There are 2 protein chains.
Amino acid sequence: MSILKILGAQLEAMTQADRQIAQFIIDDPERMLALSSAALAAATGRSQSSVVKFSQKLGYAGYQQFKLAVNKAKALEWQAPAGVIHGTIDASDSYVNILQKLIGSKLLSMRETAAANSEDMIDAALGAIVGARKTLLAGVGASSLVAKDFSYKLLKLGRTVLLDNDSHIQISNASALTKADVVVALSHSGRSLEILRIAELAKKRGATIISITGLQPNPLLALADISLHTIADEDRVRSSAITSRDAQLMLTDMLFILLLRRVPGAHDFIQHSETAVTVLKM
Amino acid sequence: MSILKILGAQLEAMTQADRQIAQFIIDDPERMLALSSAALAAATGRSQSSVVKFSQKLGYAGYQQFKLAVNKAKALEWQAPAGVIHGTIDASDSYVNILQKLIGSKLLSMRETAAANSEDMIDAALGAIVGARKTLLAGVGASSLVAKDFSYKLLKLGRTVLLDNDSHIQISNASALTKADVVVALSHSGRSLEILRIAELAKKRGATIISITGLQPNPLLALADISLHTIADEDRVRSSAITSRDAQLMLTDMLFILLLRRVPGAHDFIQHSETAVTVLKM
DNA sequence: CGAAATGAGGAATATTATATTCCTTTGCGT
DNA sequence: ACGCAAAGGAATATAATATTCCTCATTTCG
């Protein structure tokens with residue numbers, strides 16, 4: 001139990017001097033932490049020895065030990081909303097509140113995304129990627145960044161990846177695919193026109209389509225051979241695509257880590273690519 | 001931010017005496033809390049004055065203040081993120097285990113990144129960005145994706161942003177900056193040559209440099225006017241830049257959300273840019 | 001009712017801890 | 001090799017803490 005709570009509870013039963021000291025600490029623990037026993041005595045109008053005796057009565061070896069206890073209580077109280085807060089962030093929120101809600105939203109979409117994809121579906125996707133001749137990644141806007149991030153990881157594993165910012169080039173890439181190839185199509189809404197175009201073309205050519213979309217029915221989902229899902233929480237962290245991007249990253253990170261166990265020699269590839277990059281860093 | 005993490009991060013860069021003292025504290029913070037400066041000196045085989053100087057080098061008024069910081073760090077460490085496992089992912093882990101560890105690592109680096117940046121520093125960064133004529137974002141590799149993500153968000157807020165994949169163009173952009181401009185330089189190691197080059201140039205031109213790096217001392221940090229920090233956890237989710245990227249995103253998301261409250265008319269800008277994008281989705 | 005007992009609480013003091021100064025050493029650049 | 005700068009310990013000054021001792025008010029019991 002927090003020492004501050006204890007002080008409050010015992011306030012009644014205390015002697016005069018002790019009560020004054022306790023009250024001061026309850027009112028402004030932060031300030032008390034900056035004071036020496038003598039300074040605290042001066043601030044409360046009692047004597048320095050009373051402060052020390054006060055600390056000892058509470059069961060601490062001395063004032064220092066007591067101060068550590070208050071410090072600890074204060075530290076824990078700071079993050080008292082134990083667990084993660086999750087709610088809409090609005091303009092009146094305090095700094096700490098905003099951070100907690102942001103982390104809460106991110107955590108929630110990561111957890112739900114992890115839960116929304118069965119091990120079987122993930123396995124199917126991994127199998128397709130590992131067996132593919134080439135993997136084409138498709139994403140626009142924020143999803144294009146996730147696609148790129150994933151492409152770096154796949155390259156580290158020695159896979160052949162197609163990805164381009166220019167959607168025209170992407171479309172012509174797609175039309176050159178065969179049934180030995182895989183398309184990973186990222187679109188949280190499942191309605192991005194460019195991505196749909198690419199998926200349609202690739203499907204006509206016989207390639208396997210892995211869709212990464214939200215849960216709601218959507219055109220991209222309808223085209224997919226293997227469908228993975230991202231769960232976002234858009235209306236909480238308002239006005240931005242933060243959580244859907246986090247969900248996509250969660251999913252692609254999962255795929256990457258699980259691929260590490262499947263791709264023969266994965267660790268060697270990674271070693272090499274890291275050495276290559278290190279050369280550029282001093 | 002946890003002082004214990006800071007100690008760990010800076011251990012390498014410390015002098016002999018300091019390193020010994022730091023190591024002792026890292027190994028057994030509880031014990032350290034029971035010791036006086038002289039006792040800690042005896043326990044580590046250094047002098048009492050070294051202990052005090054050590055505390056002061058870290059930015060505390062003295063040993064007592066430092067002790068309070070360690071006490072606080074220890075108290076907060078106790079927070080068990082209920083249900084979240086955090087550990088090294090290895091090949092023998094089960095599917096569910098891997099997911100839990102992945103989420104745990106991500107959550108940890110988000111939390112620690114949130115904690116590592118004081119409200120004051122964040123405020124300083126926000127002020128610089130809001131007041132800037134132009135904002136140049138710099139990042140290579142995985143950081144370039146974060147930079148791009150952040151640039152989309154800043155554009156939504158109607159800010160003028162410079163960002164290009166080609167480092168030559170970035171460098172010429174940097175040399176055209178003035179002291180009315182701001183550079184946000186992203187590099188977890190703080191040692192990417194291109195980014196250093198850009199930051200140096202921009203600094204010569206008088207622009208304000210905001211660095212986003214890890215905690216360990218690094219060249220980019222030394223150049224920065226305002227320094228923000230990312231905490232990653234590389235050795236847990238092995239062989240990838242997953243958590244450092246997450247930490248960077250956490251930080252840029254924080255900045256974005258806090259900017260929403262600062263930039264006049266932010267919500268209008270966002271409304272408009274979302275309407276514009278919706279047109280492309282069906 | 002009054003004297004002894006008790007305990008709160010402050011003043012003074014002893015003890016201990018902390019911060020500063022000063023000096024030696026060592027390593028590094030010229 | 002020389003001088004300089006930084007590290008770090010010894011000594012010292014300063015400050016904080018703990019203890020002792022004393023006074024005074026209240027309570028208890030003869």
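Remember, predicted model here, so these are calculated numbers, not experimental data.
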Quick one: does [X] reach the base of [N] with a side-chain donor-acceptor pair under 3.5 Å?
X	N	value
B:S49	D:dA10	yes
A:Q48	D:dA16	no
B:K53	D:dG9	yes

Quick check, are the ring centers of A:F66 and A:F54 under 6.0 angstrom apart?
->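 Yes, the ring of A:F66 comes within the 6.0 Å limit of the ring of A:F54, centre to centre.
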What is the separation between atom [atom1] on [X] and atom [atom2] on [N], rounded to the nearest whole Å?
X	N	atom1	atom2	value
B:L40	C:dT16	CG	P	19 Å
A:F54	D:dA18	CZ	P	14 Å
B:F66	C:dA19	CZ	P	12 Å
A:K67	D:dA15	NZ	C1'	12 Å
A:K57	D:dA18	NZ	C1'	15 Å
A:Y63	D:dA15	OH	C1'	14 Å
A:L68	C:dA17	CG	P	14 Å
A:Q64	C:dA17	CD	C1'	8 Å

Contact nearer the 5' end of DNA chain D, comparing A:A39 with B:D18 =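 The residue whose closest nucleotide sits nearer the 5' end is B:D18.
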Side-chain N,O (A:Q65) to OP1/OP2 (D:dT17) below 4.0 Å |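 Indeed not, no polar side-chain atom of A:Q65 lies that close.
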May I ask you to evaluate whether A:S37 reaches the phosphate of D:dT17, defined as a side-chain N or O under 4.0 Å from OP1 or OP2?
->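 Checking A:S37 against D:dT17: at least one side-chain N or O falls below 4.0 Å of OP1 or OP2.
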Selected nucleotide, minimal atom distance to B:S47 side chain, candidates C:dT18, D:dG9, D:dA18 =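 Closest of the options to the side chain of B:S47: D:dG9.
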Which nucleotide in the list D:dG9, C:dA11, D:dT19 gets nearest to the side chain of B:R46?
->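 Nearest nucleotide to the side chain: D:dG9.
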Got a salt bridge between B:D253 and A:K106, using NZ or NE/NH1/NH2 to carboxylate O under 4.0 Å?
->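 Yes.
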Please confirm whether the backbone N or O of B:T213 pairs with a side-chain atom of B:H188, one donor and one acceptor, at under 3.5 Å?
->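 Pair absent, no side-chain N/O of B:H188 close to backbone of B:T213.
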Separation of B:L33 CG from B:N71 CG (nearest 0.5 Å) =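 The CG atom of B:N71 sits 5.5 Å away from the CG atom of B:L33.
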Hey, what do you get for CG (B:L177) to OG1 (B:T208), rounding to the nearest 0.5 Å?
->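 That separation rounds to 10.0 Å.
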